[in-house]
Amino acid sequence: NSKVIQTPRYLVKGQGQKAKMRCIPEKGHPVVFWYQQNKNNEFKFLINFQNQEVLQQIDMTEKRFSAECPSNSPCSLEIQSSEAGDSALYLCASSLSGYAEQFFGPGTRLTVL
Amino acid sequence: AEKVIQVWSTASRQEGEELTLDCSYETSQVLYHLFWYKHLLSGEMVFLIRQTSSSTAKERSGRYSVVFQKSLKSISLIISALQPDDSGKYFCALWELVMSNYNVLYFGSGTKLTVEP
């Protein structure tokens, strides 16, 4: 079973508010991924890290999202100014390497009112 | 174009039966991995099984096995002896090796399985 921890499980924000979620990857996993799963079950990759460094991120993440994976602290994903379209399940996954299976956390369900 | 296609959005079986979930994918890479995940109602994505493109072995993990038809770019997940707890949404995912970069998983749209007792 996965030991990726995500908090909070549920998050409700108003439009324009900041929304921050955290992820503790499985112990020993240096690679962390963030995905957005919308109500149509479509997965969108947002950003990934190896240790503390960003490896890849999409444009949306560069502009309105900020993310970090500091050493000895949880990884975090923050939406600077929430929009209704950001309502989704945000999944964090970790893996031993970029090509190993990814283990997912339970997700943070964000609702933007 | 979608890289991973799961044609069936829903499936229903009786307890004890066997089920095959189909998935097709598109890639031009030589090396890639295919994964099956189960998405629980809690939101958790549970890793089930992996198939590497270079492997001819028939991957198996407990009641899960796959049928990998590389030339057809198809991978099916077979779940034997179905139990009600197998109910959930099953996702097929593709990982490609592109110039040694760390890459991401491309997910299909999922198949929701209901197992009746």
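- Side chain of B:Tyr37 to main chain of A:Gln102: a donor-acceptor pair is present (N/O by atom type, distance under 3.5 Å, no hydrogens or angles).
- Note that NE2 of B:His39 and CG of A:Leu89 are 5.5 Å apart. Values are rounded to the nearest 0.5 Å.
- Remark: B:Thr27 engages B:Glu96 in a side-chain hydrogen bond (donor to acceptor under 3.5 Å, both in side chains) (not counting sequence neighbours).
- Using a 4.5 Å cut-off between heavy atoms, A:Arg109 does not touch chain B at all.
- The distance between the ring centers of B:Tyr106 and A:Phe43 does not fall below 6.0 angstrom.
- In the hydrophobic cluster analysis, where Ile, Leu, Val, Met, Phe, Trp and Tyr join through side-chain heavy atoms closer than 4.5 angstrom, A:Leu77 is grouped together with A:Val54.
- Here B:Arg50 pairs with A:Glu101 under the side-chain hydrogen bond (donor to acceptor under 3.5 Å, both in side chains) rule; sequence neighbours left out.
- Contact between B:Leu105 and A:Tyr35 at its shortest, heavy atoms only, is N-OH, 3.2 Å.
- Using a 4.5 Å cut-off between side-chain heavy atoms of Ile, Leu, Val, Met, Phe, Trp and Tyr, with links allowed through other members, B:Val66 and B:Ile5 fall into different hydrophobic clusters.
- A:Ile24 is not connected to A:Val32 by any chain of hydrophobic side-chain contacts under 4.5 Å among Ile, Leu, Val, Met, Phe, Trp and Tyr, and they are in different clusters.
- In A:Lys18, the NZ atom is not crowded: 12 or fewer heavy atoms of neighbouring residues, nucleotides or ligands sit closer than 6.0 Å.
- Taking 4.5 Å as the limit, every side-chain heavy atom of A:Phe103 sits out of range of all side-chain heavy atoms of B:Val46.
- The line from CZ of B:Phe47 to OG of A:Ser95 is 11.5 Å long, rounded to the nearest 0.5 Å.
- Using a 4.5 Å heavy-atom cutoff, the side chains of B:Phe91 and A:Gln37 are in contact.
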